[in-house]
2 protein chains.
Amino acid sequence: MAASFETASDEPSTATVDGVVTAVRDGIMQGRYAPGQRLPEADLVSLYQASRGAVRTALAQLESEGIVLRERNRGARVRPISLDEAVEITEARAVVEGLCAAKAAQRITADERTSLRALSDELRTAVEGGDVMAYTRANQEVHRAIRDISRHETAGIMLDRLRTQSVRYHYTVALLPGRPAVGMAEHIEVIESVCSGDADLAEQTMRAHLMSVVDALHQLDKNLHQW
Amino acid sequence: MAASFETASDEPSTATVDGVVTAVRDGIMQGRYAPGQRLPEADLVSLYQASRGAVRTALAQLESEGIVLRERNRGARVRPISLDEAVEITEARAVVEGLCAAKAAQRITADERTSLRALSDELRTAVEGGDVMAYTRANQEVHRAIRDISRHETAGIMLDRLRTQSVRYHYTVALLPGRPAVGMAEHIEVIESVCSGDADLAEQTMRAHLMSVVDALHQLDKNLHQW
DNA sequence: GTAACCAAGATTGTTAACAATCTAGTTGCC
DNA sequence: GGCAACTAGATTGTTAACAATCTTGGTTAC
């Protein structure tokens, strides 16, 4: 029980509050910290060479982000996410990213259009090469690019929060058989609709794409229960 | 500069962290704390009889909620909200509350249907009586009811955050000439569409309503610049 | 053998003192 | 008279010690 943090070995010295926040958040998003795993303050102090006050503030912030659970006098632990919650998060993403896609279609410039279309090729080569890691990365870059092009700060902040909560599921969805091919087709459709400048079409396409992710989540759940 | 907190006189003793958070948040939402006003830790300590650590934690949480701004070694102050930001927040609300309306239409029970329709009468009497305060309250109750009926926790949390950020603008929008009448008609339309069980219609109606609020915000801005 | 109870260790919550930083007013110099 | 540097006060950031609470393991009574 005492030895549980050997795997995190890349950033041993981050003294500030934000350092601890990003380190723990990245650890959770990368799966180094398992859902439900305890996060004792003393361990984080010695790991990141930060003061206990800083660790404490960081944990409070992570709790408000929804990825850490704290109980009085019982400490903090990584918040587990149920399938229902993952579905809810994806539904919320669908409407907010739909808004971003619509705004992006209205506001996109010529330069952004070319750099956005370049991501289509990245997706294609990743899927053709069977590189799931590269596919996942390009995947996120598409969503990130559209979020940036939309220039909608409020939606961007909301998506940041939603993304940190759902990343673990993204990994697994990408591993479904045939999923990368379907996802690629949908992403390219999204890219083209945004580039076309048709706000309504862009929103519809983006929402349809994320609703298909919801379906994939349910599919994933079925597969898990089969075992 | 030293005498600036006499107006807050209702809750002088709240020792816990959450107490300070809700007290300051309510103070900001009710307009007792003006945008840009400083919030020195020492003042909050003596006002709410809380320890400095509690005040500090509370300010951190309020910052993450987006209603307080903090600068290193320069303290906290109430975050001012520009018109552009108010528009963005309302746009975000439009899509998220649209999701709630759609889910609510699918999940509403018979009991909820009757209690939701009861709010229509509340709106009507408030508008007929010219009671802006009652109108605003019934207004919020409609949105709250639909958010509850939807049983979408993630969307609910997001809306809580958005609402705390935009409440000050709600007040002023309700004061536009003719606005209560328009708002009432839209709200009743929203209520009926949710009760009908048509998810798509409910979403469209809710979004149209909030987009009309966006128009009202722009109208409000024009009126202000006229003076 | 089981269950309740108690005590020691571990973990978190709270408070207070100290250090660092910023702001405003003042003084001195050009 | 104006500008720059300095000092005192105010305000926030940080750390460490203390208090309260929970968990765990063993012991004892039945």
Side-chain angles (χ1 to χ4, degrees), chain A residues 1-6 8 12-24 27-28 33-80, chain B residues 1-6 8 12-24 27-28 33-80:
Chain A
M1 185 189 293
S4 48
F5 286 95
E6 288 89 357
S13 58
T14 49
T16 169
V17 173
D18 287 337
V20 176
V21 168
T22 58
V24 174
I28 292 176
Y33 295 152
Q37 180 174 342
R38 294 193 55 188
L39 299 171
E41 296 177 1
D43 292 18
L44 298 177
V45 164
S46 63
L47 230 190
Y48 300 118
Q49 309 286 356
S51 74
R52 206 160 84 89
V55 168
R56 183 159 262 273
T57 305
L59 286 175
Q61 186 171 333
L62 291 169
E63 182 186 26
S64 87
E65 287 184 17
I67 59 180
V68 155
L69 208 64
R70 289 177 88 191
E71 287 172 291
R72 185 183 177 82
N73 291 322
R74 297 186 60 181
R77 57 180 207 274
V78 179
R79 178 149 174 261
Chain B
M1 184 191 292
S4 48
F5 286 95
E6 290 89 356
S13 57
T14 50
T16 170
V17 172
D18 288 337
V20 176
V21 169
T22 57
V24 174
I28 292 175
Y33 295 151
Q37 179 174 340
R38 293 192 57 186
L39 299 171
E41 296 178 1
D43 292 17
L44 298 177
V45 165
S46 62
L47 231 190
Y48 301 117
Q49 309 285 356
S51 74
R52 206 160 85 88
V55 168
R56 182 161 262 273
T57 306
L59 287 174
Q61 187 171 332
L62 290 168
E63 181 187 27
S64 87
E65 286 184 18
I67 59 179
V68 155
L69 208 64
R70 289 175 87 191
E71 288 173 290
R72 186 183 176 81
N73 292 323
R74 298 187 61 182
R77 57 180 207 273
V78 180
R79 180 151 173 259

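Quick note: numbers below take in every heavy atom, side chains included, and nothing from hydrogens, waters or symmetry partners. Numbers restart at 1 for each chain; the letters A, B, ... are given by sequence-line order, proteins then strands.
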Give the rounded distance in Å between these two atoms: [atom1] of [X] and [atom2] of [N].
X	N	atom1	atom2	answer
B/Arg38	D/dA10	CZ	C1'	9 Å
B/Gln49	C/dT14	CD	P	16 Å
A/Leu59	C/dG13	CG	C1'	13 Å
B/Glu41	C/dT21	CD	P	16 Å
A/Leu44	C/dT12	CG	C1'	13 Å
B/Asn73	C/dT23	CG	P	9 Å
A/Leu39	C/dA10	CG	P	19 Å

What's the separation between atom [atom1] in [X] and atom [atom2] in [Y], rounded to the nearest 0.5 Å?
X	Y	atom1	atom2	value
A/Arg38	A/Arg74	CZ	CZ	8.5 Å
B/Ile28	B/Leu39	CD1	CG	6.0 Å
B/Tyr48	B/Asp43	OH	CG	10.5 Å

Inset, instruction - Verify the contact: side-chain N or O of B/Ser51 to OP1 or OP2 of C/dT15, cut-off strictly under 4.0 Å; return yes or no. - result: yes
Inset, instruction - Compare side-chain N and O positions of A/Arg74 against OP1 and OP2 of C/dG13 and report whether any pair is under 4.0 Å apart. - result: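 For C/dG13, neither OP1 nor OP2 has a side-chain N or O of A/Arg74 closer than 4.0 Å.
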Inset, instruction - Would you classify B/Arg72 as touching base, sugar-phosphate or nothing, given that sugar-phosphate means primed atoms plus P, OP1 and OP2, and contacts are heavy atoms under 4.0 Å? - result: sugar-phosphate
Inset, instruction - Could you tell me whether B/Arg56 contacts a base, only the sugar-phosphate backbone, or nothing, with contacts defined as non-hydrogen atoms closer than 4.0 Å? - result: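 The residue B/Arg56 makes base contact.
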Legend entry - Any side-chain heavy-atom pair of B/Arg79 and B/Ile67 under 4.5 Å: no
Inset, instruction - Record whether the side chain of A/Arg52 comes under 3.5 Å of the base of C/dG13 through a donor-acceptor pair of N or O atoms. - result: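 Side chain to base: pair found, below 3.5 Å.
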